[in-house]
Amino acid sequence: MSDVIKPTRGSFFTRLRSYFFFVPVVYVYTGVLGVVALVCSLFDREGRVQHHVAHLWATIILKTVGIRVRVEGGERLAGLQAGVYAANHLSAIDIPVLYAKIPGQFRIMAKKPLFRYPFLGWYLKRSGQIPIVFGDAHASLRSLNLACDALRKGMPLVVFPEGGRSATGELQEFMGGAFYVAIRAQAPVVPMAIVGSYELLPMNSFHVLPGEVGLVIGEPIPTEGLRVRDTGTLSARVRQEITALYVSHTQRTSQANATEPGPKPVVHGGL
């Protein structure tokens, strides 16, 4: 992707606001609602109540830090059978965006180390999220089989095919696991572009800015008739679709954020 709009990183005031208000409050929300989700897990084996708690957590965080989410293409999920929702990953904001705005239940395919974190890891384990193991072929295959089973039972999956956040704002190469799962389950892949989150909170930063994030949902890509050997082709097509969605909506999001108080965005090379 090119001509990404990156805002200058706020001001001394916005840094103080982030470090001494936003960050502590978000940790409090996460701790309190993490405990609530953990208690719910004692009687909510299907994870439905826990998902509602996660939706509440995400909504409160976004409202607290002043981030609005503009969803485009949401109608493409209406009536869709369980599919793999594949999104780019630019920021820690992305997960609250997805939990707040994707309708209905879903499960996340997440890196195994995340399951070791207090509160977050407890939620991931107890709510049926699917750990992805890198560097262990047998463990990875078990995880992918669990994901296939979830899809076949009608549970959508959310995945970041890059495997983690982009440190530069550029779209990284995709891993094939999620697309292998989609083909095995003969489930559609829905490309999703998250636009603007990197500018508001880049990786390795606690300095968050208010503004607008776009969640752009593309046309579902069917996998009927595809075989496992087509995984690479499907991965490349989804990456191309996400890139096109991102590029086509970057200008609108940057214009919306340019109206926010404080320093205006500047252009840098990127995705």
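Numbers for residues simply follow the sequence, beginning at 1.
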I want to check something: taking the side chain as every heavy atom from C-beta on, are [X] and [Y] in contact at a cut-off of under 4.5 Å?
X	Y	result
Ile67	Val208	yes
Asn145	Arg184	yes
Leu98	Leu215	yes
Met175	Glu162	no
Val26	Thr64	no
Ser166	Leu171	no
Leu80	Tyr85	yes
Leu157	Ile108	no

Return the minimal non-hydrogen interatomic distance between [X] and [Y], and the atom names on each side.
X	Y	answer
Ala150	Ile130	CB-CD1, 4.3 Å
Gly218	Val190	O-CG1, 3.8 Å
Leu62	Ala100	CD1-CB, 3.8 Å
Pro188	Thr223	N-OG1, 4.3 Å
Leu56	Leu33	CD2-CD2, 4.2 Å
Pro161	Ala86	CG-CB, 3.8 Å

Does [X] reach the main-chain N or O of [Y] with its side chain, forming a donor-acceptor pair under 3.5 Å?
X	Y	value
Ser235	Thr231	no
Gln50	Leu38	no
Ser41	Arg126	no
Ser18	Thr14	yes
Gln186	Gly225	yes
Asp44	Gly47	yes
Ser91	Pro202	no
Asp94	Leu90	yes

Grouping I, L, V, M, F, W and Y whenever their side-chain heavy atoms are under 4.5 Å apart, do [X] and [Y] come out in a common cluster?
X	Y	answer
Ile60	Ile102	yes
Leu200	Val25	yes
Leu151	Val228	yes
Leu209	Met203	no
Leu77	Val158	yes

(request) Classify the side-chain pair Gln105/Arg107 by whether it contains a donor and acceptor separated by less than 3.5 Å. (result)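 Arg107 and Gln105 do have a side-chain donor-acceptor pair below 3.5 Å.
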
(request) Give every residue pair that meets the salt bridge (charged side-chain N to carboxylate O under 4.0 Å, His left out) criterion with at least one member in residues 13-42, sequence neighbours excluded. (result)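 Checked against salt bridge (charged side-chain N to carboxylate O under 4.0 Å, His left out) - neighbours excluded - no pair reaches residues 13-42.
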
For the atom pair [atom1] ([X]) and [atom2] ([Y]), what is the distance rounded to the nearest 0.5 Å?
X	Y	atom1	atom2	value
Asn88	Arg165	CG	CZ	13.5 Å
Lys112	Ser143	NZ	OG	7.0 Å
Leu201	Ile93	CG	CD1	4.5 Å
Glu75	Ile217	CD	CD1	8.0 Å
Glu170	Tyr198	CD	OH	8.5 Å
Arg239	Leu234	CZ	CG	14.0 Å

(request) For the residue pair Phe106 and Tyr99, categorise the inter-ring angle as parallel (less than 30°), tilted (30 to 60°) or perpendicular (more than 60°). (result)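 Rings of Phe106 and Tyr99: tilted, as their planes differ by 30° to 60°.
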
(message) List the residues meeting side chain to side chain donor-acceptor pair (under 3.5 Å) with His51, not counting sequence neighbours, and say none if there are none.
(response)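 Checked His51 against side chain to side chain donor-acceptor pair (under 3.5 Å); zero matches.
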
(request) Identify whether the distance between the nearest side-chain nitrogen and carboxylate oxygen of Glu72 and Arg70 falls below 4.0 Å. (result)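 So Glu72 pairs with Arg70 through a salt bridge.
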
(request) Step by step, work out the side-chain contact (heavy atoms from CB on, under 4.5 Å) result for Trp57 and Ile95. (result) CA-CA 11 Å; Trp57 165 82; Ile95 291 178; 4.3 Å; yes

(request) Take Arg152 and Asp149 through the test side-chain contact (heavy atoms from CB on, under 4.5 Å) and record every step on the way to the result. (result) CA-CA 5 Å; Arg152 288 169 178 154; Asp149 290 341; 4.1 Å; yes

(request) Show your working on side-chain contact (heavy atoms from CB on, under 4.5 Å) between Leu144 and Met109 and close with a plain yes or no. (result) CA-CA 9 Å; Leu144 295 177; Met109 297 174 67; 4.1 Å; yes

(message) Connecting only ILVMFWY residues whose side-chain heavy atoms lie within less than 4.5 Å of each other, what is the rest of Phe20's hydrophobic cluster?
(response)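 Under the 4.5 Å side-chain rule, Phe20 groups with Phe12, Leu16, Tyr19, Val23, Tyr27, Phe206.
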
